[in-house]
Amino acid sequence: VPYLLEINARPGEPPIIFYLDNHITEIGSLRQNKFNYLFLPGPDVDQVHCIIKQDPYCMIIYPCSSEPTFVNGTRIPDSVPLHPDDVITIGRSYKFQFVVPYFERPDDGRGLRNNRAQPDQYY
């Protein structure tokens with residue numbers, strides 16, 4: 001299951017790890033009791049700041065705010081697909097790495113196993 005890993009956690013605090021195991025994940029500053037909502041408090045994070053949606057072949061991030069959302073340092077004005085190890089910046093305070101865990105592929109018939117996802121096979 002792909003997940004977001006906070007890469008700029010505050011000193012002494014564990015990083016946020018948020019699994020993207022739903023079809024739609026909302027990210028924002030509005031405290032909600034929804035399992036598919038990542039709560040990020042802060043003055044530069046809107047109530048619904050962005051959405052990450054699972055399409056059949058990839059995860060796509062959609063900005064929903066006038067506050068900035070960045071992927072790999074570039075502000076995104078519209079939706080963009082996410083790739084393994086992309087860095088997502090929410091507002092000016094939160095940075096996450098988009099992580100796609102490697103999975104074990106079945107034996108390829110030659111007695112070999114490849115434990116790493118290939119770029120064209122997963123996201």
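All values below were derived from every heavy atom in this structure, side-chain atoms included, with hydrogens, water molecules and symmetry-related copies excluded.
The hydrophobic cluster containing V1 does not contain I24, counting ILVMFWY residues as joined when their side-chain heavy atoms lie under 4.5 angstrom apart, directly or transitively. Linking ILVMFWY residues whenever their side-chain heavy atoms come closer than 4.5 Å, directly or via other members, leaves Y57 and I60 in distinct clusters. A continuous path of Ile, Leu, Val, Met, Phe, Trp and Tyr side chains, each step under 4.5 Å between heavy atoms, connects F96 with V100, placing both in one hydrophobic cluster. No chain of hydrophobic side-chain contacts below 4.5 Å, direct or via other Ile, Leu, Val, Met, Phe, Trp or Tyr residues, connects Y37 to I16.
Distance check, rounded to the nearest 0.5 Å: NE2 of H49 to CD1 of I27 gives 8.5 Å. Atom CD1 of residue I88 and atom CZ of residue F70 lie 13.0 Å apart, to the nearest 0.5 angstrom. Of the inter-residue distances, the one linking L82 atom CG with K53 atom NZ reads 13.5 Å to the nearest 0.5 angstrom. Put simply, CD1 on I61 and CD1 on I76 are 4.5 Å apart, with the number rounded to the nearest 0.5 Å. Between atom CG of residue L4 and atom CG of residue D86 there is a gap of 11.0 Å, rounded to the nearest 0.5 Å. Atoms OH and CG, on Y3 and D21 in that order, are 13.0 Å from each other to the nearest 0.5 Å.
A 4.5 Å side-chain heavy-atom check between L20 and M59 finds at least one atom pair inside the cut-off. Counting heavy atoms from C-beta outward, T69 and I90 have side chains that approach closer than 4.5 Å. Considering only heavy atoms from C-beta on, V71 stays 4.5 Å or farther from F98 through its side chain. With contacts defined as side-chain heavy-atom distances shorter than 4.5 Å, the pair F18/I52 does not qualify. Using a 4.5 Å heavy-atom threshold, the side chains of Y94 and P41 count as touching. Side-chain contact check for T89 versus P68: every heavy-atom pair is 4.5 Å or farther apart. Taking the side chain as every heavy atom from C-beta outward, C64 and D46 never approach each other to under 4.5 Å.
Minimum heavy-atom separation, A9 to E13: CB-O, 3.8 Å. Of all non-hydrogen atoms in D55 and Y62, the two that sit nearest each other are OD2-OH, 4.5 Å. In terms of heavy atoms, V48 sits closest to S65 at O-CB, 4.3 Å. Between C50 and P63, the closest heavy-atom pair is CB-CA, 4.1 Å. The two atoms that bring R75 and E67 nearest to each other are NH2-C, 3.9 Å, heavy atoms only.
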Start with the C-alpha distance between N36 and E26, add both sets of side-chain angles, then the distance that settles side chain to side chain donor-acceptor pair (under 3.5 Å), and finish with yes or no. CA-CA 6 Å; N36 65 332; E26 295 178 7; 5.4 Å; no

